[in-house]
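Report on one structure; see the data block that follows.
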Amino acid sequence: MTQRPNVDTPRGLAFALTAYLLWGFLPLYIKHLSHIPPAEIIAHRVIWSIPIAVVVLLILRRTKDVLTALRSPRMLGMACVTAALVSLNWGIYVWAVTSGYAMEAALGYYMNPLFSIALGALFLGEKLSRAQLVAIALAATAVVVLVVDGGGLPWAALGMMLTWGFYALGKKQLPIGPNQGFLLEVLILLPFALAYAAYLGTNGTSHFELTLSTNTWLLLGCGVITAVPLMIYANSAKLLRLSTIGILQYIAPTMIFLIAVFVFDEPFGRARAIAFLLIWLALIIYTTSMIRQMRRT
């Protein structure tokens with residue numbers, strides 16, 4: 001398996017935009033699961049993602065890569081780390097949205113690109129242009145405004161920032177194809193998910209019913225909303241610099257932010273309005289610089 005050059009590509013940009021738009025609409029689905037405990041939702045996200053991932057790899061004829069990875073202690077160890085990080089991130093996110101803290105979920109994703117850029121510079125030696133540094137400074141100012149306006153340390157937002165930032169770094173370093181890597185991660189999580197689902201079933205607290213109730217369909221749908229955007233994102237992670245992935249992540253939290261305000265009726269003040277404008281200005285500056293760089297190369 002060869003290492004891809006650490007550069008931005010138009011295909012990677014298209015993949016990233018698609019994934020972040022899908023994630024932006026995700027709270028609308030998750031909100032319908034508010035009556036189900038987050039741990040049960042995560043278990044079903046894992047269980048029902050596997051059939052989708054398997055079908056994709058069968059079509060691509062890449063299932064052999066997963067079998068090879070399962071026999072490699074180094075690759076399996078790296079995948080265990082990324083699997084743990086993504087499951088923690090899912091849990092924090094589901095809790096935030098279903099508990100009425102969608103705004104904090106958005107804050108976590110606003111903060112994460114800055115963390116991703118720092119990780120890219122620290123571990124991958126990524127260098128930023130002057131325009132990109134200006135964009136980062138504007139985004140940092142926006143995050144500070146949001147944190148100060150919140151009146152305290154946003155633990156859920158910080159948890160999302162840390163888990164997703166290190167997950168993105170891990171996906172960048174995992175020496176396996178993106179779709180194969182996702183299947184490997186959910187296979188690692190599957191025994192825990194099945195054990196928890198079985199436990200809920202035996203004590204009569206499971207929301208998954210054989211009668212194909214609304215709850216059952218919602219939990220089955222967790223596979224689609226999990227696997228599709230994450231596999232698209234995994235492809236983008238291989239075709240973009242980590243810093244570019246980081247700044248594009250402002251798309252999803254902005255959509256979550258708007259849904260939280262206009263659909264979920266969470267409060268929106270002047271500080272959040274200022275931060276919103278600063279973040280989009282940062283995105284415009286960085287994206288313009290990135291496109292010019294791609295045209296030159």
Side-chain angles (χ1 to χ4, degrees), residues 12-34 41 45 86 89-117 135 138-139 142-143 145-147 149-150 154 156-161 163-165 167-168 218 221-222 224-237 240 244-269 271-288 290:
L13 182 61
F15 277 137
L17 289 173
T18 301
Y20 291 129
L21 286 172
L22 290 173
W23 275 323
F25 286 112
L26 185 57
L28 297 174
Y29 190 96
I30 295 296
K31 198 69 172 179
H32 285 88
L33 299 167
S34 296
I41 296 172
R45 290 186 76 170
V86 76
N89 185 269
W90 289 348
I92 296 168
Y93 176 79
V94 169
W95 175 86
V97 173
T98 57
S99 302
Y101 293 95
M103 191 68 71
E104 190 160 330
L107 175 58
Y109 284 128
Y110 278 137
M111 295 166 64
N112 182 65
L114 301 175
F115 188 58
S116 293
I117 289 169
L138 286 170
V143 170
V145 170
L146 289 171
V147 171
D149 182 63
L158 289 173
M160 291 179 64
M161 178 194 77
T163 53
W164 192 259
Y167 176 71
L218 286 171
C222 285
V224 176
I225 65 168
T226 299
V228 172
L230 196 56
M231 293 180 80
I232 293 173
Y233 165 79
N235 281 276
S236 75
L240 293 175
T244 301
I245 293 170
I247 203 73
L248 288 176
Q249 286 180 3
Y250 284 127
I251 295 171
T254 297
M255 294 177 66
I256 298 170
F257 180 83
L258 292 172
I259 290 171
V261 173
F262 295 108
V263 181
F264 300 159
D265 294 323
E266 294 188 14
F268 176 68
R272 289 192 172 105
I274 294 171
F276 178 82
L277 292 174
L278 285 172
I279 287 169
W280 272 104
L281 180 59
L283 178 60
I284 291 169
I285 292 173
Y286 185 91
T287 303
T288 301
M290 182 186 66

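Residue numbers start at 1 and run along the sequence shown. The basis for the numbers below is simple: all heavy atoms, side chains too, and nothing from hydrogens, waters or symmetry mates.
Taking CD1 of I30 as the reference point, atom OG1 of T98 lies at 8.0 Å (rounded to 0.5 Å). Residue E266 holds its CD atom at 11.0 Å from CD1 of I259, rounded to the nearest 0.5 Å. Rounding to the nearest 0.5 angstrom, the gap separating the CD1 atom in I41 from the CG atom in L218 is 9.5 Å. The OG1 atom of T226 sits 9.0 Å away from atom OH of Y29, with the distance rounded to the nearest 0.5 Å. With values rounded to the nearest 0.5 angstrom, T163 atom OG1 is found 10.5 Å from L158 atom CG. To the nearest 0.5 Å, atoms CG (L21) and CG (L26) are separated by 12.5 Å.
Between Y233 and Y167, the ring planes lie parallel to each other; the angle is under 30°, not in the 30° to 60° tilted range. Ring geometry for Y109 against Y93 counts as tilted: the plane angle lies between 30° and 60°, on a 0 to 90° scale.
Shown here is Y101, whose OH atom has no more than 12 heavy atoms of other residues, nucleotides or ligands within 6.0 Å.
Closest heavy-atom contact between A16 and L248: CB-CD1, 3.8 Å. The two residues I92 and M160 make their nearest non-hydrogen contact at CG2-CG, 3.3 Å. When all heavy atoms are compared, the tightest approach of S236 to G12 is CB-O, 3.5 Å.
With contacts defined as side-chain heavy-atom distances shorter than 4.5 Å, the pair L107/M161 does not qualify. Residues L33 and V94 fail the side-chain proximity criterion, which asks for heavy atoms closer than 4.5 Å. Using a 4.5 Å cut-off on side-chain heavy atoms (C-beta onward), I256 and V97 make no contact. F264 places a side-chain heavy atom less than 4.5 Å from the side chain of P27.
In this structure, the side chain of S99 does not engage the main chain of A96 through any donor-acceptor pair within 3.5 Å.
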